[in-house]
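Here it is: the structure, laid out below.
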Amino acid sequence: MPELPEVETVRRSLEKHLLGRIITEVIINKSKIIKFPEPEKFKFLLEGDKINSLGRRGKYLLFCLKSGYTWVTHLRMTGQFYYVKPEESLLKHTHLIFELDNGYQLRYVDIRQFGTMYLLRPEEFKLIKGLRDLGPEPLSNGLSFDRFCRLLEGRRGALKQLLLDQTFLAGIGNIYADEILFDAGLHPKRLVSSLSLQEKKALLKSIQKMLQLGIENRGTSFRNYVDGDGRKGSFQELLKVYGRGGEACCKCGQPLTKQKIAGRSTCFCSTCQK
DNA sequence: CGATTCCCCTGATAGC
DNA sequence: TGCTATCAGGGGAATC
């Protein structure tokens, strides 16, 4: 499930292949992936355009085009891009194929079909609620401790819910939320309003540390995540709580608790996280 | 307004 | 072996 570190890894893997490439043809096998504009228009507009740069905002991947349009994609749960030669065998669930001017193809594969794509003019970004309401980038230099504290003001509810809220910070999902809270020693049900200054500092530090560590390890391949070159990440080997309910805590040896919090399965250590 | 539930979808896994 | 039930989950919409 691609979160910030996985999307960033995909961005980097694709960037080295796609900079300056022209999209010569778009083949649409599953039009429901394309949310805006209409798939026919999406195809018409994208064909002939050139990829100037690749960006990322939270979990959104942004292809910035010469025309001024931005091709926006969200991989959701199982979306994958593959940069391949045309003769490469076609994977099941290949929904879109983007032919490039160097003879290669960029293929979009998505088992659960939850992924979304848009082609937007700058003024159209505000039409996409998830993109418009995104909180700041957790790894940007602009996110000082002071700003983090201001973001926490007026927020209520449990920490787990807070971390998953994309309008708070952009890009954290279920895996990194659990790992961040374990690293910070904070219980997922702790109320935002109850955090001391020290705990806020620990939380921000763990957010930045775990996301950075995720990127350095090229993401988490828990189920089937791979980057644009088909390579797996290795962060799954460093997971201390996610997906480990019932196993012994690596710090204290007590069994880890698994519980549904904020609608998501949550793993934590009730001894180490207060 | 916030909190909860449903829904989209396929595949892995458990239980019988 | 093969069937069915359950779970996984980002985010939007509907509902409470």
Side-chain angles (χ1 to χ4, degrees), chain A residues 1-10 29-36 39 56-62 72-81 90-96 107-118 120 125-135 137-138 152-181 188-193 211 214 219-226 232-233 235-236 239 241-247 256-268:
Chain A
M1 48 233 72
E3 304 178 24
L4 188 154
E6 288 74 32
V7 179
E8 179 59 24
T9 302
V10 171
N29 295 327
K30 181 80 70 177
S31 59
K32 64 169 276 190
I33 303 291
I34 300 162
K35 304 296 182 186
F36 186 91
R56 180 192 55 75
R57 185 76 175 88
K59 301 172 193 172
Y60 288 88
L61 190 59
L62 312 171
V72 179
T73 77
H74 195 304
L75 304 171
R76 284 293 206 279
M77 302 300 299
T78 53
Q80 298 174 327
F81 275 112
L90 213 59
L91 286 172
K92 199 177 169 184
H93 308 296
T94 299
H95 304 317
L96 300 159
R107 296 181 186 170
Y108 180 72
V109 178
D110 191 345
I111 294 171
R112 290 183 212 175
Q113 307 171 26
F114 287 176
T116 54
M117 287 191 193
Y118 311 84
L120 304 171
F125 273 63
K126 62 180 185 298
L127 298 174
I128 313 304
K129 202 168 162 286
L131 202 51
R132 180 193 61 201
D133 298 337
L134 231 36
E137 285 295 316
L152 287 171
E153 283 170 23
R155 294 273 171 176
R156 58 201 88 245
L159 290 182
K160 172 74 182 228
Q161 188 184 6
L162 177 81
L163 292 180
L164 292 178
D165 187 344
Q166 303 300 297
T167 69
F168 170 63
L169 288 176
I172 300 170
N174 207 31
I175 296 176
Y176 292 91
D178 280 9
E179 295 302 314
I180 286 164
L181 290 172
K189 280 188 167 174
R190 267 292 288 283
L191 297 179
V192 178
S193 55
L211 293 174
T220 306
S221 293
F222 195 70
R223 289 195 169 76
N224 46 21
Y225 159 79
V226 290
K232 289 190 173 196
F235 194 66
Q236 65 279 3
L239 295 177
V241 286
Y242 179 82
R244 293 189 183 276
E247 292 181 32
L256 296 172
T257 305
K258 182 177 174 178
Q259 197 179 327
K260 191 156 263 190
I261 300 174
R264 293 280 170 262
S265 77
T266 304
C267 296
F268 62 98

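Proteins come first, then strands; the chains are lettered A, B, ... in the order of their sequence lines, and each starts at number 1.
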Open item on the list: Suppose we screen for ring pair (Phe, Tyr, Trp, His ring centres under 6.0 Å). Which residues come up paired with A/Phe81, at least two apart in sequence or across chains?
Closed with: A/Phe63, A/Tyr108
Open item on the list: What I'd like to find out is whether the side chain of A/Lys160 reaches to under 4.5 Å of the side chain of A/Asn174, using heavy atoms alone.
Closed with: yes
Task: Residues in ring pair (Phe, Tyr, Trp, His ring centres under 6.0 Å) contact with A/His74, at least two apart in sequence or another chain - done: A/Tyr60
Open item on the list: Under 4.0 Å, heavy atoms only, any strand: does A/Thr116 hit a base, just the sugar-phosphate, or nothing?
Closed with: nothing
- [ ] State which residues pass salt bridge (Lys or Arg N to Asp or Glu O under 4.0 Å) with A/Lys59; sequence neighbours excluded, sorted by chain then number.
- [x]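 For A/Lys59, no residue satisfies salt bridge (Lys or Arg N to Asp or Glu O under 4.0 Å) once neighbours in sequence are set aside.
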- [ ] Indicate for each nucleotide in nucleotides 10-16 of chain C, in 5' to 3' sequence, whether protein heavy atoms under 4.0 Å reach the base (B), only the sugar-phosphate (S), or nothing (-).
- [x] BBS----
TODO: Just report the end-to-end axis angle for the helix from B/dG2-C/dC16 to B/dC16-C/dG2, five pairs per end, to 10 degrees.
DONE: 60°
Open item on the list: Return the CG to CG distance between A/Asn29 and A/Leu90, rounded to the nearest 0.5 Å.
Closed with: 7.5 Å
Task: Identified side chain to side chain contact (heavy atoms under 4.5 Å, CB included) partner of A/Leu96 from the options A/Arg107, A/Lys30, A/Met117 - done: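 For A/Leu96, the side chain to side chain contact (heavy atoms under 4.5 Å, CB included) check succeeds only for A/Met117.
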Task: Outermost nucleotides of DNA chain B that come under 4.0 Å of a non-hydrogen atom of chain A - done: B/dA3 to B/dG11
TODO: With heavy atoms under 4.0 Å as the rule, sort A/Lys35 into base, sugar-phosphate or nothing.
DONE: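 Counting heavy atoms under 4.0 Å across all strands, no contact is made by A/Lys35.
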- [ ] Check step by step if side chain to side chain contact (heavy atoms under 4.5 Å, CB included) holds for A/Ile261 and A/Phe268.
- [x] CA-CA 11 Å; A/Ile261 300 174; A/Phe268 62 98; 4.1 Å; yes
Task: A/Arg56: which of A/Glu3, A/Glu6, A/Glu8 passes salt bridge (charged side-chain N to carboxylate O under 4.0 Å, His left out) - done: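 Exactly one pass, corresponding to A/Glu8.
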Open item on the list: Categorize A/Lys92 for me: base, sugar-phosphate, or nothing, with a 4.0 angstrom heavy-atom threshold over every strand shown.
Closed with: sugar-phosphate
Open item on the list: Could you measure the distance from the CG atom of A/Leu163 to the CD atom of A/Glu179? Nearest 0.5 Å is fine.
Closed with: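 Rounded to the nearest 0.5 Å, the CG-CD separation comes to 12.0 Å.
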Task: Straight-line distance of A/Ile172 CD1 to A/Ile180 CD1, nearest 0.5 Å - done: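 Going from CD1 on A/Ile172 over to CD1 on A/Ile180, the span is 4.0 Å.
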